[in-house]
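Everything on this sheet refers to the single structure shown next.
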Number of protein chains: 2
Amino acid sequence: MAKSSITINDIARELKVAPSTVSRALNNSNKISNATKRKIVEKAEELGYNLNMVAASLSRSQTNTIGVVIPYLNNYFYSQVVNGIEELAFNKGYRILIAQTRDSFARETEIMRTMSATRVDGIIACLSADTQSTEHLFKLIKNNIPLVLFDRVSFDFPCKKVTIDNYNAMQQSVTHLARSGYKSIAHLGGPTTCNIYTEHSKAFRETLKKEKLPLIPQFHLSSDLTEEDISEAMQIWFSLKTKPDAIITASSTAALLVSKFAREQNLSIPDDLALISLTSEPALCYVEPQITSIELPGTEIGKTTLEFLLNEIQNGAQNANTTIKPFQLIIRNSSFRNS
Amino acid sequence: MAKSSITINDIARELKVAPSTVSRALNNSNKISNATKRKIVEKAEELGYNLNMVAASLSRSQTNTIGVVIPYLNNYFYSQVVNGIEELAFNKGYRILIAQTRDSFARETEIMRTMSATRVDGIIACLSADTQSTEHLFKLIKNNIPLVLFDRVSFDFPCKKVTIDNYNAMQQSVTHLARSGYKSIAHLGGPTTCNIYTEHSKAFRETLKKEKLPLIPQFHLSSDLTEEDISEAMQIWFSLKTKPDAIITASSTAALLVSKFAREQNLSIPDDLALISLTSEPALCYVEPQITSIELPGTEIGKTTLEFLLNEIQNGAQNANTTIKPFQLIIRNSSFRNS
DNA sequence: ATGAAAGCGCTAACAT
DNA sequence: ATGTTAGCGCTTTCAT
């Protein structure tokens with residue numbers, strides 16, 4: 001931090017006014033004459049004055065900084081959300097501090113600690129996959145730092161949340177496949193430590209039953225969805241006597257991998273195998289056939305989340321309700337037979 | 001920022017020691033006895049003390065925060081770079097403040113201003129496409145804020161830079177296509193206000209000449225590479241008598257769009273048309289055929305950039321040299337005929 | 001090894 | 001409308 005930079009005291013001295021007057025002028029206070037305000041603003045310009053936000057933050061007990069905590073930055077959905085947050089934050093005069101948990105609970109805890117120390121005005125977070133406890137979140141509340149969760153949320157933690165109806169997303173997917181005549185539907189799900197994936201699982205089971213389709217246990221997988229996980233699952237499934245004729249993946253990367261696997265094995269999508277991704281990314285439309293998916297309003301989720309947070313920052317803690325954002329099942333060519 | 005939180009003064013009072021002693025204990029100073037240190041650390045724990053970094057920053061004239069300025073967050077390469085920065089920063093006890101220029105010079109200027117105000121310890125930036133002047137960068141230097149540039153850099157600005165050899169990337173691409181028998185090579189380039197794209201352009205022209213291939217003016221395009229730009233170029237090119245038989249795109253999204261266009265027009269890649277992308281993203285391997293591309297070490301670039309910056313933060317301004325990172329031309333199935 | 005005191009640059013209550 | 005003063009919470013000389 002530049003040591004020898006110009007301060008309001010320098011300006012005050014040069015103009016023979018009080019530092020507080022300079023502060024007022026620079027903050028556009030109404031308790032100051034236009035004449036001196038102009039004089040001060042000009043002098044500030046002339047000297048190349050640049051506000052020291054650190055000092056202002058300490059004095060005001062407010063940093064105008066929002067902490068954003070996500071599993072990975074390098075992920076289409078999260079980067080969309082951050083994009084929405086950043087855009088709105090920039091317009092509202094807030095800065096954003098970003099940290100990745102890399103799906104580690106330990107890291108998440110540490111991040112919350114340092115963000116508390118940094119005195120961010122509030123935190124927006126999508127919990128890591130292996131977050132089991134909410135102690136670190138309660139500490140935020142104790143430190144008076146508002147928190148809004150999105151996507152992967154913890155329902156037993158009292159704060160505002162923004163999610164989508166994951167149950168419904170899976171339900172619509174299964175129903176669509178069933179109506180299209182697919183019979184052995186498989187699911188490559190995420191880790192069940194996450195609300196999202198348990199909702200998917202529940203919906204998967206219940207909707208299959210409702211559609212009078214069999215729930216074949218080994219077709220209902222839960223994993224971290226790494227490339228190895230997917231590849232292993234494919235190897236096993238397609239060496240069985242009864243192979244799946246449709247797959248629903250929790251991540252778009254998984255869907256793309258399945259699509260690649262199918263091509264390599266000369267399995268025709270959608271004739272031999274239907275494919276639906278419960279998350280979306282542009283690449284789904286670049287492959288052939290294009291992959292049916294659930295489209296989530298990432299940017300919109302980011303904006304809403306920040307709006308809620310700013311509201312809490314300004315007006316104190318609000319009711320801990322959950323906002324459900326709409327999604328769309330976009331049917332592309334991977335999930336219905338042309339015949 | 002939590003008003004009523006525990007301060008070192010509270011701890012000092014409870015333990016009847018001086019605040020400075022508490023500070024020493026908590027900062028692991030060696031000028032303190034182990035006995036009192038333990039006592040203080042325990043009490044701090046007990047009271048739930050959480051350091052106020054804002055106060056510490058003001059006092060130390062150092063924020064332990066790095067500003068990261070990129071065109072877009074939602075881009076594979078940049079998010080890889082940020083990923084590298086974030087990882088190393090986290091380990092070194094630094095936080096990162098991220099802002100997107102959205103390729104607007106005005107925004108970039110504004111961002112540099114607010115980051116100066118925030119007193120970040122240093123800035124890592126990839127300049128926006130329409131950055132013409134470097135006045136805003138000189139202001140950083142004047143404010144004693146070290147700057148390291150990567151990818152899109154400004155060669156007439158004196159600071160450390162980390163890039164790749166864009167000329168060579170294009171050269172290798174053209175040569176590869178020429179050796180594979182392609183004759184009418186086209187280039188979908190980026191805006192020539194950027195060093196990267198002017199280097200591509202130069203190499204494109206010169207390598208074609210070296211390979212004794214024609215440089216057809218309308219096959220050498222420079223644009224913002226939006227979906228419309230690409231689509232328009234395709235429409236025009238493929239309605240000509242002499243169509244291109246190979247396309248080199250500056251962005252991976254452009255390559256994916258070309259690949260999609262080819263499929264829709266029943267142009268076979270690589271038989272009718274070869275395709276090379278000068279940037280990479282995973283999706284290039286999910287489409288059929290997989291697309292040949294230049295692979296950039298994003299995470300590595302991020303790490304190196306931060307290393308340079310931290311070095312300047314600790315040891316003052318260094319020589320303004322440019323570090324060239326290696327890239328790889330990964331030849332996939334889109335760029336050579338099987339016959 | 002510990003304490004006292006000054007100061008980082010700004011804001012805000014109070015006074016005039 | 002402007003000045004005076006007292007912090008914000010911490011670090012860091014300088015004493016002891």
Side-chain angles (χ1 to χ4, degrees), chain A residues 1-41 43-44 47-65 114 116-119 121 143-144, chain B residues 1-41 43-44 47-65 114 116-119 121 143-144:
Chain A
M1 170 161 142
K3 272 210 144 120
S4 55
S5 60
I6 309 290
T7 73
I8 55 170
N9 297 305
D10 299 326
I11 299 176
R13 198 178 330 106
E14 290 237 352
L15 256 35
K16 299 191 198 313
V17 295
S20 53
T21 305
V22 177
S23 175
R24 286 187 193 102
L26 267 23
N27 285 296
N28 241 310
S29 158
N30 51 348
K31 314 183 151 209
I32 192 167
S33 78
N34 281 324
T36 47
K37 184 186 291 187
R38 185 160 346 100
K39 208 172 56 180
I40 290 172
V41 169
K43 180 59 87 180
L47 298 178
Y49 170 77
N50 188 247
L51 167 69
N52 185 331
M53 264 297 291
V54 180
S57 294
L58 179 60
S59 180
R60 282 208 187 105
S61 295
Q62 180 187 322
T63 55
N64 273 52
T65 302
T114 73
S116 287
T118 310
R119 296 299 193 266
D121 292 340
N143 288 346
N144 255 307
Chain B
M1 168 162 143
K3 273 211 140 114
S4 54
S5 59
I6 308 291
T7 73
I8 56 171
N9 298 304
D10 298 326
I11 299 176
R13 197 178 329 108
E14 290 237 353
L15 255 35
K16 297 190 200 313
V17 296
S20 51
T21 305
V22 177
S23 175
R24 287 187 193 100
L26 266 23
N27 285 295
N28 242 312
S29 158
N30 52 346
K31 315 184 148 208
I32 193 168
S33 77
N34 281 324
T36 48
K37 184 185 291 187
R38 184 159 348 98
K39 208 172 57 179
I40 289 173
V41 169
K43 180 58 86 179
L47 297 178
Y49 170 77
N50 188 248
L51 168 68
N52 184 332
M53 265 296 291
V54 180
S57 294
L58 180 61
S59 181
R60 283 208 186 106
S61 295
Q62 181 188 322
T63 54
N64 273 53
T65 303
T114 73
S116 287
T118 311
R119 295 299 192 266
D121 292 341
N143 288 347
N144 255 307

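Just the heavy atoms: all of them, side chains too, but no hydrogens, waters or symmetry mates, feed the values below. Naming convention: chains lettered A, B, ... in sequence-line order (proteins, then strands); numbering from 1 in each chain.
Atom CZ of A:R13 and atom P of D:dT2 are 20 Å apart (whole Å). One interatomic measurement links the two molecules: CG of A:L26 to P of D:dA1, which rounds to 17 Å at whole-angstrom precision. Between B:N143 atom CG and C:dG9 atom P there is a gap of 13 Å when expressed in whole angstrom units. Computed from coordinates, the A:L58 CG to D:dA6 C1' distance equals 13 Å when rounded to whole Å. Atom CD1 in A:I40 sits about 8 Å away from atom P in D:dT2, given to the nearest Å.
For the OP1/OP2 pair of C:dC10 and a distance below 4.0 Å, the side-chain nitrogens and oxygens of A:S57 include no atom meeting the criterion.
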Which atom pairs, one a donor and one an acceptor, fall under 3.5 Å between side chains of residues 13-23 of chain B and the rest of the protein, sequence neighbours left out?
residue: B:R13; atom: NH2; partner: B:D10; partner atom: OD1; Å: 3.0
residue: B:E14; atom: OE1; partner: B:K43; partner atom: NZ; Å: 3.2
residue: B:S23; atom: OG; partner: B:N27; partner atom: ND2; Å: 3.3

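Under the 3.5 Å distance criterion, with hydrogens and angles disregarded, no donor-acceptor pair is assigned to the side chains of B:R119 and B:N144.
Between the side chain of B:S57 and the backbone N or O of B:M53, at least one donor-acceptor pair lies under 3.5 Å.
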Base-contact (B) and sugar-phosphate-only (S) positions in nucleotides 10-16 of chain D, heavy-atom cut-off under 4.0 Å, - elsewhere
BBBB---
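B:L51 contributes atom CG, which lies 10.5 Å from atom OG1 of A:T114 (distance to the nearest 0.5 angstrom).
Residues B:D121 and B:T63 share a closest heavy-atom pair of OD1-N, 3.0 Å.
Counting any heavy atom pair closer than 4.0 Å across all strands shown, A:K37 reaches no nucleic acid atom. Residue A:D10 is out of contact with every strand shown, counting any heavy-atom pair closer than 4.0 Å.
For B:K37, there are no salt bridge (Lys or Arg N to Asp or Glu O under 4.0 Å) partners at least two apart in sequence or on another chain.
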